[in-house]
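So that the names make sense, note that chain A is the first sequence line, chain B the second, and so on, each numbered from 1. Worth knowing before you read on, the calculation uses all heavy atoms, side chains too, and leaves out hydrogens, waters and symmetry mates.
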Protein chains: 2
Amino acid sequence: MRYHKVPDETIRRLPVYLRGLCSFPNNGSHSISSQQLADILHVKSPQVRKDLSYFGDIGTPGVGYDIQKLTKHIRAILQLNNVHCAALVGYGNLGAALLKYTGFGTFCIEINTVFEKDPRKIGRVVRNIKIEEVSKISSLSKRGISIAILAIPAAESQDVTDKLVNAGVGGILNFTSSYLSVPANVKVINIDIGVSLACLPYYLPVGA
Amino acid sequence: MRYHKVPDETIRRLPVYLRGLCSFPNNGSHSISSQQLADILHVKSPQVRKDLSYFGDIGTPGVGYDIQKLTKHIRAILQLNNVHCAALVGYGNLGAALLKYTGFGTFCIEINTVFEKDPRKIGRVVRNIKIEEVSKISSLSKRGISIAILAIPAAESQDVTDKLVNAGVGGILNFTSSYLSVPANVKVINIDIGVSLACLPYYLPVGA
DNA sequence: GAAACTCTGTGAACGAGAACTCAATCACGG
DNA sequence: CCGTGATTGAGTTCTCGTTCACAGAGTTTC
Ligand SMILES: NC(=O)c1ccc[n+]([C@@H]2O[C@H](COP(=O)([O-])OP(=O)(O)OC[C@H]3O[C@@H](n4cnc5c(N)ncnc54)[C@H](O)[C@@H]3O)[C@@H](O)[C@H]2O)c1
Ligand SMILES: NC(=O)c1ccc[n+]([C@@H]2O[C@H](COP(=O)([O-])OP(=O)(O)OC[C@H]3O[C@@H](n4cnc5c(N)ncnc54)[C@H](O)[C@@H]3O)[C@@H](O)[C@H]2O)c1
C-alpha cells in the first residue's frame with residue numbers, strides 16, 4: 001500500500017493516533033469522532049481529518065470513525081500488521097536500555113537480534129537473544145530483518161551503516177550524533193538526545 | 001539575551017552547529033565560511049547564514065565566521081556558557097543509561113540530581129550522585145536547578161511534571177509517551193522513541 | 001590605491017504544512 | 001420516506017520556514 005504524497009509529519013502522527021485509540025475508553029460506542037481523537041492527542045480536529053483523508057474515506061459523516069476499523073487501517077498504512085523484527089547494533093548503556101524495554105510491542109516491533117564489537121559481550125544471552133559479532137550483519141537479509149537500531153559510538157556509525165545497507169536494511173533508527181549517508185531508498189530517523197537537551201536552556205528565563 | 005522571533009527549527013540546529021565547530025579541523029585558518037559549515041552539517045549554506053543572521057552580524061563579509069567567536073556566540077545564545085545542572089527523574093533502564101552517558105558535557109549540561117520512587121533504589125550512590133526520593137523535588141528551586149529529564153512510566157508523568165513545575169523547573173526533556181500539560185513559560189521537549197521506531201516500517205518497500 | 005574577488009546579511013519568492021470553512025454525506029427519529 | 005442534526009472530506013487561506021538572489025562590505029592582488 002503506497003499513497004500519492006503524504007507529509008512526513010502525518011506519518012509521524014499516525015503511531016500517536018494508534019496509541020490514543022488503544023487507550024480510548026471503550027464505553028459502549030464503537031466509533032470516535034475527529035474531535036474526540038483530537039482532544040486525546042492534543043492536536044486540532046481538522047488536523048486529524050486531514051491526516052486520515054490522505055488514505056481514502058475511512059470515516060462516515062455524521063458518525064465518526066469506527067474504532068476497530070480505524071485501528072486496523074492505520075496499522076495497515078504503517079505496515080504494522082505483522083510483527084517486524086529489528087536488529088540492535090551496540091549493546092552499551094543505551095542499547096541495553098532499549099533491549100530491556102517492552103513497549104515496542106504496541107507497534108508490532110521486536111528486537112530479536114543484537115550485534116556487538118566488544119568480544120567480552122559477544123556470546124552473552126540477554127532476554128533469550130544471543131549477542132553476535134558485527135561481521136554477522138551480512139546475514140540480515142537472509143533472516144528477513146530490514147530494520148536496525150544504531151546505538152554505537154559516533155565514530156563507527158557510517159562504517160556500520162554501510163554494512164547494514166549492504167545487508168538490505170531499509171530503515172535505521174540512529175541514536176548517534178553523526179549524519180548517516182545512505183541511498184535514497186533507505187530511511188534514517190535520527191534521535192539526538194544531546195541536541196534536544198541542549199535546546200532547553202535557551203527557553204529558560206534569562207539567568208536561570 | 002532574547003531575540004525578536006527566531007524559528008524553533010533554528011534553535012534546534014544551533015547545537016548541531018556547535019558540535020560541527022568543535023570537530024572542525026583547526027588547520028591554520030581561524031575562520032570558517034557558511035559553505036564549509038553547511039557541508040559538514042549537511043544543510044544548505046543560505047540556511048546557515050539565515051540562522052546566524054537572526055542574532056546580529058556575527059560573520060565578516062569576504063572572510064567568513066571566526067571559529068572561536070562564533071562558538072562563543074552560539075553558546076551565549078543557547079545560554080550554554082555556564083554549566084547547567086539537570087535533575088533526572090526515574091532511575092530505570094533509560095534513566096541509568098542517561099546518567100552514565102558523558103556526552104552532555106559538550107553542551108555544558110550535567111546531571112547532578114536523581115529522584116526515584118522505588119525505596120530499594122533510594123540512597124544508592126551512582127557516579128557520586130545520591131539517589132533521592134521524589135518528595136525532595138520541591139527543593140530544586142533552592143538548588144538552582146531548572147532543567148529536568150523525565151524517564152518514568154507514562155502513568156505517573158503528569159503528576160511528577162506538576163511537582164517539577166511547582167519547584168520552578170522551566171525546561172523538561174520528556175521520554176514518556178504522554179503529553180505533558182504545563183504553563184506557557186515552561187518548555188517541554190518530547191522524545192518518543194517508540195513513535196520514531198514505529199514510523200520506519202512505513203518507508204520500507206512493500207512486503208519487506 | 002584601484003580593481004577583482006569573496007563571502008556575508010537580508011528582502012523577497014517559494015513551498016510545505018496547519019487551520020479554517022463549508023458543502024456533501026450519513027444515521028436516525030418521527 | 002423525509003427532515004434534522006452530526007460529522008466527514010476537501011478546497012481555501014494562513015502561517016511558518018526554507019531557498020534564492022543580490023547588494024554591499026571586506027580582503028587580496030597588482
Ligand atoms: N544516554 C545515552 O546513553 C546516550 C545519550 C545521547 C546519545 N547517545 C549516543 O548513543 C550511542 C550509544 O551510547 P552508549 O551510551 O550506549 O555508548 P556505550 O559506549 O555505552 O555503548 C556503545 C556500545 O557499542 C559497541 N560498539 C562499538 N563499536 C561497535 C561496532 N562497530 N559494532 C558494534 N558494536 C560496537 C561497544 O562495544 C559498546 O558496547 C552513542 O553514539 C551516544 O553518543 C547515548
Ligand atoms: N528503551 C527504553 O527504556 C524506552 C524506550 C522508549 C520509551 N521509554 C519510556 O521511558 C520511560 C522510562 O522507561 P524505562 O525503560 O527506564 O522504565 P523503567 O520501568 O525501567 O524505569 C522507570 C523508573 O522510574 C521509577 N519511577 C516510577 N514512578 C516514579 C515516580 N513517580 N517518581 C520517580 N521515579 C519513579 C521506577 O521506580 C523505575 O526505576 C517510560 O515512560 C518509557 O515508556 C523507554
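- Nearest-nucleotide positions on DNA chain D for A:P46 and B:T10 put A:P46 closer to the 5' end.
- Each of D:dT8, C:dT8, D:dT19 was ranked by its minimum atom distance to the side chain of B:K44; first place goes to D:dT19.
- Between the CG atom of B:D66 and the P atom of D:dG26 there is a distance of 15 Å, given to the nearest Å.
- Between A:R75 and A:T106 the shortest heavy-atom distance is NH2-O, 2.6 Å.
- Between the CZ atom of B:R49 and the C1' atom of D:dG24 there is a distance of 13 Å, rounded to whole Å.
- The distance from atom OH of A:Y54 to atom P of C:dG17 is 7 Å, rounded to the nearest whole Å.
- Across D:dA10, C:dA18, D:dG17, the shortest atom-to-atom separation from the side chain of B:P7 is found for D:dG17.
- At a cut-off of 3.5 Å, with distance as the only test, no side-chain donor of B:R19 or B:S23 sits close to an acceptor on the other residue.
- One interatomic measurement links the two molecules: CG of A:L70 to C1' of D:dT7, which rounds to 15 Å at whole-angstrom precision.
- Picking from D:dA10, C:dG9, C:dC20 the nucleotide with the shortest atom distance to the side chain of B:D57 gives C:dG9.
- Remark: the B:T176 side chain and the B:S157 side chain contain no N/O donor-acceptor pair separated by less than 3.5 Å.
- As a whole-Å value, the separation of A:I11 CD1 from C:dG17 C1' is 14 Å.
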Each nucleotide in nucleotides 25-30 of chain C should get exactly one letter: B, S or -. Can you fill that in based on protein heavy atoms under 4.0 Å?
BBS---
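- Using a 4.0 Å heavy-atom criterion, one finds that B:R13 contacts the sugar-phosphate atoms exclusively.
- A:D51 comes within 4.0 angstrom of nothing in the nucleic acid, heavy atoms only.
- Note: CG (B:D8) to P (C:dA16) measures 21 Å, nearest angstrom.
- For the pair B:S181/B:D162, no side-chain contact is recorded, criterion being any heavy-atom separation below 4.5 Å from C-beta on.
- Heavy atoms only, all atoms of each residue included: B:A167 and B:L140 are closest at CB-CB, 4.0 Å.
- At C:dT6, none of the side-chain N or O atoms of B:Y65 fall inside 4.0 Å of OP1 or OP2 (strictly under the cut-off).
- Note on B:L52: nothing from the nucleic acid sits closer than 4.0 angstrom, heavy atoms only.
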Would you tabulate the side-chain donor-acceptor contacts of residues 6-17 of chain A under 3.5 Å, counting partners in other chains and residues two or more places apart, or write 'none'?
{"unit_1": "A:D8", "atom_1": "OD1", "unit_2": "B:Y203", "atom_2": "OH", "d": "3.0"}
{"unit_1": "A:E9", "atom_1": "OE2", "unit_2": "A:R12", "atom_2": "NH1", "d": "3.0"}
{"unit_1": "A:T10", "atom_1": "OG1", "unit_2": "A:D51", "atom_2": "OD1", "d": "2.7"}
{"unit_1": "A:R13", "atom_1": "NE", "unit_2": "A:D51", "atom_2": "OD2", "d": "2.7"}
{"unit_1": "A:R13", "atom_1": "NH2", "unit_2": "A:D51", "atom_2": "OD1", "d": "3.1"}
{"unit_1": "A:R13", "atom_1": "NH2", "unit_2": "A:D51", "atom_2": "OD2", "d": "3.4"}
{"unit_1": "A:Y17", "atom_1": "OH", "unit_2": "A:D51", "atom_2": "OD2", "d": "2.6"}

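- Across the interface with DNA chain C, nearest-nucleotide mapping of B:S53 and A:Q47 shows B:S53 to be the residue nearer the 5′ end.
- In the set D:dA10, C:dT10, D:dT7, C:dT10 carries the atom at the smallest distance from any side-chain atom of B:K50.
- In this structure, CG in A:L37 is found 4.5 Å from CD1 in A:I32, a value given to the nearest 0.5 Å.
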Could you give me the CA-CA distance, side-chain angles and deciding distance for B:K163 and B:E133, then say whether salt bridge (charged side-chain N to carboxylate O under 4.0 Å, His left out) is met?
CA-CA 13 Å; B:K163 289 199 184 91; B:E133 58 174 319; over 6 Å; no
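- Rounding to whole angstrom units, NE2 of residue A:H42 and P of C:dA18 are separated by 18 Å.
- Going from atom CD1 of B:I58 over to atom P of C:dG9 covers 7 Å, rounded to whole Å.
- Using a 4.0 Å heavy-atom distance criterion, A:S34 is classed as a sugar-phosphate-only contact.
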